[in-house]
Amino acid sequence: DCFGMEADSAAAACESLRFALAIQDEAGATLEPESLFALLHGAQAVLQVGDHHQLPPYSEWADVGYTTSLMERLYALSSVYGSEADHVLHCRMMDVQYRMPPVIGDAVSRLFYNGLLRSRVGLDLVAQPLRVCAVDGVEKRVGSSWANDAEASAVVSLASRLISIGELQAHQVCVITFYSAQRDRISAPANWQADTDDDELPRASPMSSPDDGSVPPGQPSGDPAGAR
């Protein structure tokens with residue numbers, strides 16, 4: 001890892017690196033030039049691990065449509081050339097997930113993976129773990145972040161109701177949002193019931209989002225910003 005070093009020292013250290021095999025994690029979230037940099041040191045093979053269906057790479061050229069990872073491009077080539085490319089390119093999808101309840105995993109599979117992703121977990125922990133609440137709201141830019149007031153109000157309303165009827169306590173409510181401006185709106189004390197103890201309000205978690213603003217709503221950039 002040459003990052004975090006002085007420029008001259010980093011350049012010298014990286015220049016001397018040599019390896020036959022490069023293993024790249026989160027390859028689906030890395031732009032092509034960044035991946036190619038790791039292959040300039042004698043690598044005879046590369047193993048890329050990632051998912052180009054998830055978060056796109058951060059790109060300063062997103063406004064002209066360049067958000068392509070080397071993994072995504074190679075995967076597309078393998079689809080075009082099929083077995084003809086097997087001697088130089090082999091793509092394998094890990095098609096079993098263990099992290100989500102089946103009803104959520106199956107929805108993700110249908111929407112993003114053409115039904116190829118299978119679930120191998122136990123029974124759903126709750127009877128109906130997946131609900132969708134459609135909100136007619138509009139995203140707006142807030143600094144380098146994004147916010148949707150209608151969605152924030154809906155989240156506060158739903159969470160407040162669950163807490164008020166005793167279904168859940170405040171510390172059991174976790175809201176995940178990809179934008180810090182949206183997190184701030186959801187977790188603002190003024191949005192919650194006046195008779196709620198300030199210490200019992202859902203709080204913003206330590207998680208943070210880069211919020212570079214290069215990716216429009218619907219294509220989140222970086223880690224989610226949580227509100228708890």
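Sequence positions, counted from 1, serve as the residue numbers for this chain.
Considering every non-hydrogen atom in both M71 and G28, the closest pair reads SD-N, 3.6 Å. When all heavy atoms of Q97 and S119 are compared, the closest pair comes out as NE2-OG, 2.9 Å. Residues A27 and S69 approach most closely at O-CB, 3.4 Å, considering heavy atoms. Counting all heavy atoms, side chain and backbone alike, S145 lies closest to S180 at OG-N, 3.5 Å. Taking both residues in full, the closest heavy atoms of R185 and D149 are given as NE-OD1, 2.7 Å, listed atom of the first, atom of the second, then distance. Between A147 and A181 the shortest heavy-atom distance is CB-CB, 4.1 Å.
The side-chain heavy atoms of Y58 and T30, taken from C-beta on, include no pair separated by under 4.5 Å. Here the side chains of L116 and M93 are in contact, with some heavy-atom distance below 4.5 Å.
Cluster annotation: L162 and L158 are assigned to distinct hydrophobic clusters (Ile/Leu/Val/Met/Phe/Trp/Tyr, side-chain heavy-atom contacts under 4.5 Å, transitive). Note: the hydrophobic cluster containing V142 does not contain F178 (ILVMFWY, side chain heavy atoms under 4.5 Å, direct or indirect links).
F112 CZ: 12 or fewer foreign heavy atoms inside a 6.0 Å radius. Environment of CG in D136: sparse, with no more than 12 heavy atoms of neighbouring residues, nucleotides or ligands closer than 6.0 Å.
A distance of 11.5 Å separates CD in E26 from OG in S35, rounded to the nearest 0.5 Å. Atom-to-atom distance recorded for N148:CG and S153:OG is 9.0 Å, nearest 0.5 angstrom. Separating the CG atom in L31 from the OH atom in Y66 is a distance of 5.0 Å, to the nearest 0.5 Å. For the atom pair CG (D25) and CG (L47), the distance works out to 9.5 Å, reported to the nearest 0.5 Å. Once rounded to the nearest 0.5 Å, the distance linking CZ of R183 with CD1 of I176 reads 13.0 Å. The CD atom of E139 sits 12.5 Å away from the CZ atom of R141 when rounded to the nearest 0.5 Å.
Within the structure, salt bridge (charged side-chain N to carboxylate O under 4.0 Å, His left out) contacts touching residues 64-75 (residues at least two apart or in different chains) are E32-R73.
Side chain to side chain, D184 and Y179 fail the donor-acceptor criterion of an N or O pair below 3.5 Å.
S157 places no side-chain N or O within 3.5 Å of a backbone atom of A154 that could act as its donor or acceptor partner. Judged by distance alone, the side chain of S109 and the main-chain N or O of L117 form a donor-acceptor pair under 3.5 Å.
Using bins of under 30°, 30° to 60° and over 60° for the plane-to-plane angle, the ring pair H53/Y75 lands in the perpendicular bin.
Between R118 and D106 there is no salt bridge, since no side-chain N of the basic residue sits under 4.0 Å from a carboxylate O of the acidic one.
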*Test V46 against Q48 for side chain to side chain contact (heavy atoms under 4.5 Å, CB included), laying out the working first.*
CA-CA 6 Å; V46 58; Q48 292 194 315; 3.9 Å; yes
*Could you walk me through whether L89 and L74 pass the side chain to side chain contact (heavy atoms under 4.5 Å, CB included) test, one step at a time?*
CA-CA 8 Å; L89 178 62; L74 292 176; 4.0 Å; yes
_Trace of the side chain to side chain contact (heavy atoms under 4.5 Å, CB included) decision for L21 with F19_ = CA-CA 6 Å; L21 171 64; F19 36 76; over 6 Å; no
*Could you please spell out the steps behind the side chain to side chain contact (heavy atoms under 4.5 Å, CB included) verdict for M100 and V108?*
CA-CA 10 Å; M100 296 174 282; V108 171; 4.1 Å; yes
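Applying the side chain to side chain donor-acceptor pair (under 3.5 Å) test to S78 and every residue at least two apart in sequence or in another chain returns nothing.
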